[in-house]
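Just below is one structure, and these are the notes that go with it.
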Number of protein chains: 2
Amino acid sequence: MIVNGHNGAGQQEPEAAAASIRDVGAAAGVSYQTVSRVINGRPNVSQETKDRVNAAIAELGYRPSRAARALAHGSDRVVTVLTSNTRLYGYAETLGGIEEAARAAGVQVAIRVLESDRPDDIATAVEGVSDPRAGAVIVLAFDRAGARALQALPANVRSSAAAESYLGRRTSSADSARWTWFDDILAAEHATQHLLDLGHRTVHHIAIPSTTSVGDRQRGWKRALEAAGASVPEVVRPRNWSMAGAHEAALELLLDPTVTAVLCGNDDQALGIMRAAHDRGLRIPDDLSVVGFDDVPAAAFLTPALTTVRFDFAALGRRAFELLGDGLDPAQVAAPALVVRESTGPARQDKDD
Amino acid sequence: MIVNGHNGAGQQEPEAAAASIRDVGAAAGVSYQTVSRVINGRPNVSQETKDRVNAAIAELGYRPSRAARALAHGSDRVVTVLTSNTRLYGYAETLGGIEEAARAAGVQVAIRVLESDRPDDIATAVEGVSDPRAGAVIVLAFDRAGARALQALPANVRSSAAAESYLGRRTSSADSARWTWFDDILAAEHATQHLLDLGHRTVHHIAIPSTTSVGDRQRGWKRALEAAGASVPEVVRPRNWSMAGAHEAALELLLDPTVTAVLCGNDDQALGIMRAAHDRGLRIPDDLSVVGFDDVPAAAFLTPALTTVRFDFAALGRRAFELLGDGLDPAQVAAPALVVRESTGPARQDKDD
DNA sequence: CTCGATCCTGTTATCGCTAACACTCTAGCC
DNA sequence: GGCTAGAGTGTTAGCGATAACAGGATCGAG
């Protein structure tokens with residue numbers, strides 16, 4: 001990253017030494033302040049001067065220094081996204097939404113990933129992005145690491161957060177933070193209800209890590225079950241948030257013949273379960289109904305195509321970016337919607353028939 | 001992003017106004033230069049002074065200004081990744097690798113996505129990242145937009161590139177750029193050979209967009225076919241780089257009963273084809289063998305599990321980051337490997353039997 | 001007891017840019 | 001025809017840090 005400032009050839013070589021605003025001014029025969037005016041499209045510069053300056057800029061290959069600009073101006077147009085993951089669908093999609101909105105606003109986006117949810121790692125990460133004079137930060141608080149980072153953020157840095165649900169009610173963090181979230185509870189309730197309506201006696205649930213011990217998806221699932229008077233099976237907790245983990249856990253779960261419907265924490269898990277069903281000789285949806293969460297692109301092309309809850313993560317990201325501005329109240333993005341495809345069907349009457 | 005600098009309450013409120021290095025110095029009763037020394041772990045500062053300064057820093061909640069530091073030091077520890085996409089598996093994974101390496105090196109990572117491959121969009125994007133005094137840039141040159149951005153990059157900005165193959169031989173861009181790439185040709189050759197070995201008369205190919213009109217995957221496929229003396233079918237070009245596009249194109253292709261093996265440009269396309277096979281009543285691998293590229297996490301859990309070529313994109317990203325340093329020659333990352341699973345099998349003797 | 005070496009700390013100049021103010025013209029006005 | 005408004009440009013200060021040099025103590029050695 002360190003650029004060697006020396007240039008043995010002196011000023012012969014136009015290449016090596018980066019031109020500054022003063023060089024441009026000198027070349028154009030105007031003060032460097034006038035150059036600044038031209039660059040920033042400030043009024044009161046004659047067309048002739050403008051042309052001369054632009055010509056000098058082109059000739060010298062001049063590019064303004066971001067650092068100097070930020071320093072003089074007192075702020076930099078940057079958002080830093082604080083997240084524990086950049087590859088999982090929901091995270092990547094949200095990040096994409098933030099990026100789109102930021103790009104449209106001419107704001108640069110930086111990423112800082114949280115290596116773990118250990119307090120010292122969180123502290124280090126937060127430390128690095130907490131330059132209050134620089135830009136803003138958006139934290140993806142979908143998991144514990146994110147939630148902790150959000151709380152660790154100093155009150156004087158401009159920030160907003162995208163979360164699985166409204167954490168404001170549970171956190172001590174200041175009002176300075178702004179939030180966007182999905183109504184996970186309602187979404188899970190609908191999905192569970194869909195399965196119940198199909199005639200399933202009850203619905204099993206495979207959980208994903210959450211910001212809290214009990215995630216909102218789990219909460220909604222339980223609520224629907226209780227409202228319907230169905231029994232509430234024990235929640236399955238795979239050893240990790242991956243397809244392999246879900247597959248492993250499902251292999252175990254599917255030994256139980258009373259399991260006819262499963263609500264998965266996300267589509268990756270659903271895929272793991274579908275494979276486990278295949279491994280156990282179970283047909284979907286005849287023997288087992290599966291519902292996912294997220295609606296990843298692959299969901300529609302699987303065989304059978306996956307019934308899942310669609311979330312507009314990109315919109316969530318865009319919204320989180322907007323919340324950085326002033327005068328906006330926390331609000332939800334478009335409600336999640338259940339997309340019924342082929343992986344859910346009527347309950348079989350009795351497996352042992 | 002603009003922070004309001006005024007603070008009605010004056011200095012009563014320790015919260016609002018960001019402390020500078022001078023404030024810390026004043027609070028600790030030393031010059032701000034000494035504070036700088038403490039912050040940067042420079043020698044020749046007494047322990048007592050250090051303690052006093054650290055206490056003042058903690059009390060004032062002081063954070064150094066990135067911008068000021070960058071300006072004074074002449075460079076900023078930032079890499080900007082220039083890419084046309086952040087969500088597709090290969091891109092996201094490579095970005096992840098870059099991020100890991102950068103984080104380990106204490107370098108911040110920024111993202112700039114290319115909205116299109118139109119020259120003016122490329123120019124705008126390149127413009128924004130070409131501050132030679134700031135950090136370095138890594139371009140993901142997997143597609144045309146990326147390749148163009150790479151060429152448009154001024155010679156005086158430190159950069160490296162991750163590409164589908166060694167573009168150096170085709171581009172006019174200076175030596176200042178450094179490269180990492182996979183051997184796509186060989187990988188495609190192996191995959192095609194695998195299918196041929198299974199007894200397939202020939203292998204059809206669905207292409208993905210490339211930096212050039214003929215991608216290296218296509219090149220390797222053709223080479224294997226010719227070496228085996230097999231006929232070279234016309235390449236299928238879906239209307240876009242998505243599952244839906246591949247699905248659509250495959251629906252058409254599979255009308256042809258002579259098609260028994262398909263090499264897809266990537267795993268997403270493979271999924272689209274597998275679904276199309278299902279829609280056409282074809283069984284995999286009995287009636288049709290399918291091979292993908294990338295080895296996305298889902299590949300192993302599909303039913304049937306997908307035979308595909310594994311690429312270590314994260315390693316590619318890490319390598320691209322390393323190349324930013326000095327004294328390294330361009331080199332390839334671990335060779336791609338064919339992972340044989342369930343989607344490929346012996347050719348059926350004759351469909352019309 | 002004086003002197004140079006070593007430690008510690010302060011002073012000054014700069015990085016490249018923007019903001020605020022000052023100044024010089026040229027018009028347009030009564 | 002002197003005066004004011006405002007366009008066009010230059011001058012002077014910083015922004016918050018680092019780097020290079022300068023200076024005051026402290027200390028062992030001759």
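Quick caveat, the model's predicted, so the values are computed rather than measured. Numbered from 1 within each chain, the chains take letters A, B, ... in sequence-line order.
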**Distance in angstrom units between Asp76(B) CG and dG16(D) P, rounded** = 17 Å
**Request:** Compare the minimum distances between each of dT9(D), dA17(D), dC17(C) and the side chain of Arg22(A), then state the nucleotide with the smallest one.
**Result:** dC17(C)
**Request:** Return the value, rounded to whole Å, for the distance between atom OH of Tyr62(A) and atom C1' of dG16(C).
**Result:** 7 Å
**Asked** Any side-chain N or O of Asn44(B) less than 4.0 Å from the OP1 or OP2 oxygen of dC7(C)?
**Response** no
**Prompt:** Between Glu100(A) and Arg87(B), is there a side-chain N and carboxylate O pair less than 4.0 Å apart?
**Reply:** yes
**Message:** As a test of reading the structure: which of dC8(C), dT12(D), dG16(C) is closest to the side chain of Tyr32(A), going by heavy atoms?
**Reply:** dT12(D)
**Asked** So, Arg103(B) versus Gln108(B): side-chain donor-acceptor pair below 3.5 Å or not?
**Response** no
**Message:** Strictly below 4.0 Å, N to O, side chains only: are Glu322(A) and Arg318(A) in salt-bridge contact?
**Reply:** no
**Prompt:** Asn40(B) and Arg69(B): side-chain donor and acceptor closer than 3.5 Å?
**Reply:** yes
**Prompt:** So does Arg37(A) reach the base of dG10(D) with its side chain, donor to acceptor, closer than 3.5 Å?
**Reply:** yes
**Fill in**
Whichever of Leu71(A) and Gly29(A) has the more 5' nearest nucleotide on DNA chain D, that residue is Gly29(A)
**Request:** Report yes if at least one side-chain N or O of Asn40(A) is closer than 4.0 Å to OP1 or OP2 of dT18(C); otherwise report no.
**Result:** yes
**Request:** Rounded off to whole Å, could you give me the CZ-to-C1' distance for the Arg66(B) and dC15(D) pair?
**Result:** 17 Å
**Prompt:** Contact class for Arg42(B) vs. all strands (heavy atom < 4.0 Å): base, sugar-phosphate, or nothing?
**Reply:** sugar-phosphate
**Complete:** Of Arg69(A) and Arg52(B), the one whose nearest nucleotide on DNA chain C sits closer to the 5' end is Arg52(B)
**Request:** Quickly work out the Ile21(A) CD1 to dA19(C) P distance and round it to whole Å.
**Result:** 11 Å
**Request:** Calculate the interatomic distance between Asp23(B) atom CG and dG16(D) atom P; express it in whole Å.
**Result:** 8 Å
**Prompt:** Ile39(B) CD1 to dG16(D) C1': how many Å, rounded?
**Reply:** 10 Å
**Flag side-chain contact, heavy atom, 4.5 Å: Asn85(B) against Leu114(B)** = no
**Request:** Compare side-chain N and O positions of Thr49(B) against OP1 and OP2 of dT9(C) and report whether any pair is under 4.0 Å apart.
**Result:** yes
**Message:** Treating Ser130(B) as the side-chain partner and Val126(B) as the backbone partner, does any N or O pair qualify as donor plus acceptor under 3.5 Å?
**Reply:** yes
**Message:** Can you tell me if Thr34(B) touches the phosphate of dG10(C), counting only side-chain N or O atoms and a distance under 4.0 Å to OP1 or OP2?
**Reply:** yes
**Asked** The side chain of Ser20(B) lies closest to which of these nucleotides: dT9(C), dG16(D), dT18(C)?
**Response** dG16(D)
**Prompt:** Nearest to the side chain of Gln33(A) - dA17(D), dT9(D), dA20(C)?
**Reply:** dA20(C)
**Asked** Hey, does the side chain of Ser46(A) come within less than 4.0 Å of dT9(D)'s phosphate (OP1/OP2), counting only N and O?
**Response** yes
**Message:** Students often get this wrong, so: under 4.0 angstrom with heavy atoms, is Pro64(B) touching a base, only sugar-phosphate, or nothing?
**Reply:** sugar-phosphate
**Complete:** Per atom distances to the Ala68(B) side chain, the nearest of dA17(D), dA19(D), dC17(C) is dA17(D)
**Message:** If I take atom CG in residue Leu60(A) and atom P in nucleotide dG16(C), what distance separates them, rounded to the nearest angstrom?
**Reply:** 13 Å
**Asked** Which nucleotide in the list dG16(C), dA19(C), dT9(C) gets nearest to the side chain of His73(A)?
**Response** dA19(C)
**Item:** Proximity to the side chain of Ser31(A) - top-ranked nucleotide from dT11(D), dT18(D), dT9(C)
**Value:** dT11(D)
**Prompt:** Could you give the CZ-to-P distance, from Arg133(B) to dT18(D), as a whole number of Å?
**Reply:** 19 Å
